[in-house]
Amino acid sequence: MNTLDIENLVVKFPLVQRLMDLEAVTWFNPNTTTLVEGLPYVGLTQNDVAEAEARLQRFAPYLCLAFPETQQTNGIIESEVVAIPAMQGALEQRYEQAIAGKMWLKKDSHLPISGSIKARGGIYEVLTHAEKLAIEAGMLSVDDDYSILFSDKFRQFFSQYSIAVGSTGNLGMSIGIMSAKLGFSVSVHMSADARAWKKRKLREHGVNVVEYQQDYGVAVAQGRKQAESDPHCFFIDDENSQTLFLGYAVAGGRLKKQFAQMNIQVDQDHPLFVYLPCGVGGGPGGVAFGLKLAFGDHVHCIFAEPTHSPCMLLGIHTGLHDHIAVQDLGIDNVTAADGLAVGRASGFVGRAMERLLDGLYTLSDQEMYDLLGLLAAVEGIQLEPSALAGMAGPARVCADPQYLDSHQIDAQRIANATHLVWATGGGMVPEEEMAKYLAAAKR
Ligand SMILES: *Cc1c(COP(=O)(O)O)cnc(C)c1O
């Protein structure tokens, strides 16, 4: 984009100037529609999500054997929902804003195998690919007990194939660990911001880690290029993959069951707000899609991004989607929030979800650190910075009567609301790294 284009863009969308000024902004989407109207734009259906759930069920006996930590949940990779009343009180004080309703935390931070939301989509896509190869080779049928995959015969079979992915860290962890366990030869192309401990952990699992001095976009492009030259190599495309998206979407139906068991009501008079940290968009987009299928128009999904990487807000607000990157505006895409340092949003997710999202907002890195410190202090829960991005959401929603009004959410309804903050990572952060995060929080 040249200077003139940017000037025109700012005239048309004054919010863009505030993004360029690195302000913390909140934008509620005026183009939100009902599920029925919005669904066709996604191009995927309830059936596709049901198929993904069934595939994960088939793999459950294998996962039980390959990752004993999944035995408690019978090989299903799922996380807890916990109430955070002390944090809710602390946030009301911090923001000087009453938060009507009740706050909960979805602890994807503590998902088994890779300790982040990527244990949903990333692992699902690797399993999908493995299943396809094994079925095509006549070694597996969908009626088999998939624990047979935990054998030298299958490991040897998969070792003829390779998998590649570009990542800022967490996706690489999920795909690397899962692929290596099945027997694949796997390369993770890591951007400059990826943490040393993640690279170390992957190498310990036998993953080939390729390091770049550039950001996520370059790591992905290089991974894609390497895969193109090798017919036995499968590239997992974080920017465009519908398979990843479906792996995330399974969370919706699962949450509905959890809420039913916990007697958490969601309906017209009991709205559900879900706050999701957003990087390229696949994780929060897929989860939001699954939530919409599960709860219909009673769930309101809001994405959170760092002030230095507001790619999805920029793409959806301007309608330019993946035709614009934050760097085009001089925004540096440098943030401590792993997984969120993405300059250009997924074109697929932005276009699929723009009508089903209620809004997006940004917050500073220091805000994420402060929230990290606060949550650790008042609830004893430790997360990585990106996982706190959603924590600022309930106060933003409650501070905007106009937005609530536009969705017919009156005082009574907001008092009955459930606010679910999606904690996307942090369960595997080493102690000394966590100490650094905690030290960055202002007392
Ligand atoms: C990847 C990631 C996200 C966002 O997911 P995207 O699919 O990139 O939008 C959020 N939080 C954490 C901790 C992540 O690793």
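In listed order, ligands and their atoms are each counted from 1.
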Identify the closest protein heavy atom to [atom]: which residue and atom is it, and at what distance?
atom: atom 10 (C) of ligand 1; value: L340 CD2, 3.4 Å
atom: atom 8 (O) of ligand 1; value: V280 N, 3.0 Å
atom: atom 4 (C) of ligand 1; value: G279 N, 3.5 Å
atom: atom 7 (O) of ligand 1; value: G283 N, 2.7 Å
atom: atom 2 (C) of ligand 1; value: K118 NZ, 2.3 Å
atom: atom 5 (O) of ligand 1; value: P284 CD, 3.5 Å
atom: atom 12 (C) of ligand 1; value: T424 OG1, 3.4 Å

If you take all heavy atoms of M434 and L383, which pair is closest and at what distance?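 The pair with the smallest heavy-atom distance is CE-O, 3.5 Å.
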Taking only heavy atoms of P277 into account, list the atoms of ligand 1 that are under 4.0 Å away from them. 4 (C), 10 (C)
Could you check whether S114 and S174, counting side-chain N and O atoms only, form a donor-acceptor pair closer than 3.5 Å?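 The criterion, which ignores hydrogens and geometry beyond distance, is satisfied for S114 and S174.
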Can a donor-acceptor pair be found between the side chains of Q226 and H189 at a distance below 3.5 Å? yes
Do any N/O atoms on C278 end up under 3.5 angstrom from N/O atoms on ligand 1? no
Got an N/O contact under 3.5 Å between N170 and ligand 1?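 Among all N and O atoms of N170, at least one is under 3.5 Å from an N or O of ligand 1.
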Determine, using ring centers only, whether [Y] and [X] are less than 6.0 Å apart.
X: F289; Y: F245; result: yes
X: Y62; Y: Y146; result: no
X: H270; Y: H298; result: no

Non-hydrogen side-chain atoms of L320 and L314 separated by less than 4.5 Å: no
Does G281 have a heavy atom less than 4.0 Å from any atom of ligand 1? yes
Is the charged tip of R355 near the ring of Y41: under 6.0 Å from the six-membered ring centre and within 45° of its axis? yes
